[in-house]
Amino acid sequence: MSLSRTVRHAKAILTGFKYLFAGPRLTLMYPDDIQELPEGYRGMIEYDWDSCIKCSLCAMVCPADAMKMYVSKEESEREGKVVKRPGINYTRCIFCGFCVDICPTDSLRFTKVHDVAYYTYEEQIYPPAEFSKGVPRPLYLREPRKVRAVLDERRGIRYEPARS
Amino acid sequence: MDILKLLFEPYIFIPLVFPGLVAAFLLLLIIIWLERKIAAKVQLRYGPLYVFKPLGGVIQTIADLLRYLFQEPIVPREADKLAFLMTPVFLFGLAYLPVVAVPISPTYYAFRSDVSLLIVMALTTLAPIFTVLMGWSSNNKFSLIGGVREGYLVISYEIPMFLSAISMAILYKSLDLVEIAEAQKGLWGVILNPLAAINMLLLMYMSTSKFPFEIPEAESEIVAGPYTEYSGIIYGLVMGASYVKLYVLSLVYSILFLGGWNPLPINDPMVAGAMLFVKAFLLVALGAFLRAVYPRFRIDQAISIGWKIAFPLSLISVVISLLLIMGGVSLVVK
Amino acid sequence: MRLDDLRKEIEEKLNGLGAEVSSKDPNLIEVRVGRDKLVEAASKLREMGLDHVKAVTGIDYPKERFEVVYITSSYSDSLSHFLVNLRVSLPYDDPRIPSLVRVWPSVLYQEQEEKDLLGIEFEGNPRMEERLLLPDSYDGIPPLRKEFKVRVEGIDA
Amino acid sequence: MISSGERELELLIGPQHPASGHMRLVAKVDGDVVVELRPNIGYVHRSVEKLAEVKKYLQIIPLVERPSLADTTANNLAYVMALEKLLGIEPPERAKYLRTLLAEINRIHSHLYGLGIHGVMIGSSTAYMWCFGDREPFLELAQELTGARLTYSYIIPGGVRRDLPAGLGERAERVLRYMENRMRDYFNLYFNNPVVRARLEGVGVLSRHDAINLGITGPNLRASGVAYDVRRAEPYAAYPELEFDIVTEEAGDSFARVMVRVREIVESMRIIRQVIRKIPEGPILHESYEKLIPPKLRESMKQRGMVKFPSVFANLRVPPGEAISRVEGGRGEVVFHIVSDGKLSPYRMRMVTPSFRNVILFEHLTRGVRVADIPAIYGSLDYFPPEADR
């Protein structure tokens, strides 16, 4: 056993000890803590019924066939022609945000909601009427603490309670 | 009342309570949790936490044990059923058997023998046979390779480990563990013959498949080695066996090198036992800590460490002991 | 080295093989050869220092032809900037082509993939009998052929 | 099991195996020595090339990202570059710098991913946890820039989707300093650990000649002493204006491949610093697209730093022709070959990923190694089965 190898063994073990007694921790304690996401996070999508001009660009650009144009029965009858509005299928959505970016009237918007669980497959499909009611609020067993990620020179990443 | 008294008779108390079954079980519960906690701390995370949160998830192992209990133990159709089911029991039993010959105080022991060191060392060599058998009886290629690896490891650590232990026996001129411990009232064995101490520590971790010698059950190569086909509580048994073996060897190591129950303030079996237990526990914990530092060696590298490094070192440590004796270092209580 | 120089060099090298050489800015050279001269042309290019193949593209023009493009280049400093496409047309009813695995070992898996997905036979490639990406039991139209249709949904629900 | 008279044992490693990934390695072993090993891939083939023929040009962006999740930017960038060649447009300067920034952040966390997986393959769970933990600050930066953790879909024809958020440069600097400090501990505990050295040095040696011959790419090529990097060979994005070295190692063994990745992380950090210092002001979307956006939207888009797509993007038409693009991703060179016939979808799209080009190494490097070396070599290749299967 050469000397340099022994030194390397010692260095490895000492580094281990250093972290055993003084290391940082990077864990985000989800779901007790939930992270406040940055501006522009591509989460679930919000739909504004009134400003929509029914151009169907969102459905055309959707790469996953998640956004579809639904015939809006009531409006079609009222206006005497076929009126279609977008609805979304979250079992397919890949959160690329192309629909939001192409919407010419900003009727589709990003929200920061992403951690929603569903009981059934059907619940995840939102026809226009439901789509326009906004995104579901995630249910937590205990009210979580909002934290934000602080990038830190010494500890890498640190989660601090968010100022609300 | 008589039954309680009977319980404290050494020949019952030592195998069943301390340092035997109950203590081993307690240690098992704590050390598996601690191993995960230690690794987690080094790895910038928390480890098990949510089962009894105030104490950092200390009863996680109990929760795991319950899960093992209720999990269906699956016996592969192609396996040799008798051997498959019997080996874990023998493995666990034999891993823990040597404890009967370990004394816990100068006056408290199940039985005293002139050759108790040899008895303990001999009994510890029985368990690996069943690991090899386990690999064979599973009828799985990965299990087989794991069993063969265990076999190769056994022949490369056994002889140097014996020699290291014997070198201490030479130094103390005794094979009796009680006498060996008593001889270290002044200087501990680790100071007199540090080479043997380091060597034996290394071989102890090697014999119980601790990192960096976690070779027979190397996950990324052979799934879980001999244990691949085991599930449910019989898997729990085989997993516990290697910890129990490490615990027993740590007790012996403490007696050989770390003064046993010395320094002893009062000659009370409880105090002496606690002293011994703490030392053994720290050794097991050190083994757990090494998981966070080392990856694993390859089998051929481990074998060459056994024969090319540990074996010469053990011979040298025998020579050191002989020189010390001839130099007139008299420590033997007679 | 400039693109035109490389083109001239290739033209000289492949003289007599009936190769059409053209170039496209900034760094692309197209070499079109007949199937019977492919191995020879490839060996010549290899001699010039084009030491590996980046991609083998098979293109299906239904009822007309198959095209196989070997996108080759070099790891040497002087040539690594350039890409040289070696292009072969195959008759549609006879998609066989001599394998270039002897010239460029790097095409082993790429040719096997094109065989697997497009049904082009690379004669001399040792892996022609084995499936690569498709299941071993697959026995339909090679999926990258145009006659293999993918169901497409419209934008309507 | 083995019949009498037979020496070799056939081991089927994967697809259900802790360290096989989504593939099967068919190994013939004689004792502890591997006689022959053949990779059996295709378990996660998702027919990207065929799907591209029915998807519209913009819809292919998320599609090409999916096969290599840890290294999405390389595929995204390579595809868009091929598209831009066909469209004949050049993104504005600021967009080029932003592309470079994301590509380098992605290279760092892709390398950390590979190093971590390699660590656990040779048994060091600490290396795994450290690498994955330290990916987190980089993912956080990327998330702030793009709005997603891994599937960025950030690069679009003619530019990028988001502008640099205020203060990101400063936060990035903090992360880089953190990583530099951590590197020392990585070396002490892992890279210089004698057990790691024993497991990796001299294992799976790839000679310079073989590396070139087999068309190997990325860090695996550079570890064999070939100084080839697309960022130098055919510079793209902002690389012509940035200073960086091509990292090479001479040994060609598993450890050299690991070292190339580690040193490339350091090199990428150097590039990120330069990008943040040098990034010019200006638009982030090509003017021909920007002028198609309604004026009111254009205003708010500039304010928020988030690009709106012009409506032509929904049905982007690309002139007929062929284009080939290549990009140096984390794992190596990504090559896209697009054949357009002027319609809404490519006529043929060929996507060659680095893992697919490196898959040949499994049979080449494993002849005569020991069983325990299989994961040590596998991990050192940073091979990602979905990326190879596409």
Side-chain angles (χ1 to χ4, degrees), chain C residues 24 26-28 30 46 49 51-61 67 69 71-83 85 87 103-110 112-114 116-118 127 130-136 138 142-146 148-153 155, chain D residues 38-47 49-51 53-55 85 208-217 221 224 226-230 232-235 314 321-326 333-339 341 345 347-352 356-360 363-364 388-390:
Chain C
K24 193 173 142 196
N27 62 348
L28 186 67
E30 285 269 353
R46 168 89 217 220
D51 48 26
H52 71 286
V53 172
K54 291 196 189 297
V56 178
T57 316
I59 311 167
D60 169 23
Y61 295 98
E67 249 174 33
V69 189
I71 302 174
T72 73
S73 186
S74 168
Y75 285 144
S76 67
D77 289 343
S78 56
L79 282 176
S80 64
H81 179 62
F82 301 101
L83 295 173
N85 285 0
R87 191 179 288 260
V103 187
W104 285 303
S106 43
V107 298
L108 182 70
Y109 279 87
Q110 304 238 7
Q112 190 189 357
E113 192 199 357
E114 293 310 275
D116 197 20
L117 299 180
L118 204 54
R127 302 286 164 82
E130 299 163 33
R131 289 265 176 215
L132 182 68
L133 298 176
L134 296 180
D136 292 340
Y138 183 80
L144 272 181
R145 295 230 178 146
K146 291 288 172 189
F148 187 103
K149 297 287 182 213
V150 179
R151 194 171 60 87
V152 186
E153 288 182 13
I155 60 164
Chain D
R38 283 281 287 276
N40 180 354
I41 66 172
Y43 284 90
V44 275
H45 175 56
R46 42 189 117 180
S47 66
E49 290 180 7
K50 185 67 184 176
L51 278 174
E53 291 175 17
V54 297
K55 295 255 175 217
K85 276 186 186 171
R208 187 189 152 89
H209 174 261
D210 287 342
I212 292 173
N213 234 2
L214 298 172
I216 303 312
T217 178
L221 174 74
S224 297
V226 183
Y228 173 81
D229 189 313
V230 187
R232 267 294 148 70
E234 189 188 342
E322 289 194 23
I324 300 166
S325 68
R326 44 178 170 159
E333 184 178 35
V334 182
V335 178
F336 271 87
H337 180 193
I338 299 181
V339 181
D341 60 350
S345 307
Y347 186 77
R348 173 85 167 93
M349 185 187 87
R350 178 83 174 134
M351 171 183 182
V352 179
F356 184 57
R357 281 172 64 187
N358 290 339
V359 71
I360 195 167
E363 40 190 302
H364 183 78
D389 291 358
R390 288 155 294 149

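All chains are named by letter (A, B, ...) in the order of the sequence lines, taking the proteins before the strands, and each is independently numbered beginning at 1. As the structure is a computational prediction, the values presented were derived from the model and not from experiment.
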Contact check, side chains of C:Lys54 and D:Arg350, non-hydrogen atoms, under 4.5 Å: no
In terms of heavy-atom pairs under 4.5 Å, which option from C:Val53, C:Val152, C:Val56 contacts chain D the most? C:Val56
Please report the closest heavy-atom contact between C:Tyr75 and D:Arg357, naming both atoms and the distance. OH-NH2, 2.9 Å
D:Lys50 and C:Arg145 have their tightest heavy-atom pair at NZ-O, 3.0 Å
Which value, rounded to the nearest 0.5 Å, describes the distance between C:Leu117 atom CG and D:Arg390 atom CZ? 8.0 Å
Could you tell me if the side chain of C:Arg87 sits less than 4.5 Å from the side chain of D:Glu322, heavy atoms only? yes
With a 4.5 Å cut-off on side-chain heavy atoms, are D:Asp341 and C:Tyr61 touching? no
Name the option with the most non-hydrogen atom pairs under 4.5 Å to chain D; the candidates are C:His52, C:Glu130, C:Gln110, C:Lys24. C:Gln110
Only pairs of heavy atoms separated by less than 4.5 Å count here; which of C:Val107, C:Leu28, C:Val150, C:Leu144 has the most with chain D? C:Leu144
Measure D:Arg38 against the heavy atoms of chain C and call it side chain, backbone, both or neither at under 4.5 Å. side chain
Looking at every non-hydrogen atom in both residues, tell me the closest pair between D:Leu214 and C:Pro105 and how far apart they are. CD2-CB, 4.0 Å
Closest approach of D:Ile360 and C:Tyr109, non-hydrogen atoms and distance? CA-CE1, 3.7 Å
Any sub-3.5 Å donor-acceptor pair from C:Lys146's side-chain atoms to D:Tyr347's backbone N or O? yes
Any side-chain heavy atom of C:Val69 within less than 4.5 Å of one from D:Val339? no
Which distance, rounded to the nearest 0.5 Å, do you find between the CD of C:Gln112 and the CD1 of D:Ile41? 8.0 Å
Heavy-atom contact with chain D under 4.5 Å, split by part of C:Glu113: side chain
Please classify the contact between C:Leu108 and chain D as side chain, backbone, both or neither, with a heavy-atom cut-off of under 4.5 Å. side chain
Taking side chain as C-beta onward, heavy atoms only, is C:Asp51 less than 4.5 Å from D:Asn213? no
From the list C:Pro143, C:Pro135, C:Pro26, C:Ser76, the residue making the most non-hydrogen contacts under 4.5 Å with chain D is C:Pro143
What is the distance from atom OG of C:Ser73 to atom CD of D:Glu333, rounded to the nearest 0.5 Å? 7.5 Å
Ranking D:Val230, D:Leu221, D:Val335 by heavy-atom pairs under 4.5 Å to chain C gives rank one to D:Leu221
C:Arg131, C:Arg127, C:Lys149: which one forms the most heavy-atom pairs within less than 4.5 Å of chain D? C:Arg127
To the nearest 0.5 Å, tell me how far C:Thr57 OG1 sits from D:His337 NE2. 5.0 Å
Hey, what do you get for CZ (D:Arg326) to CD1 (C:Ile71), rounding to the nearest 0.5 Å? 10.0 Å
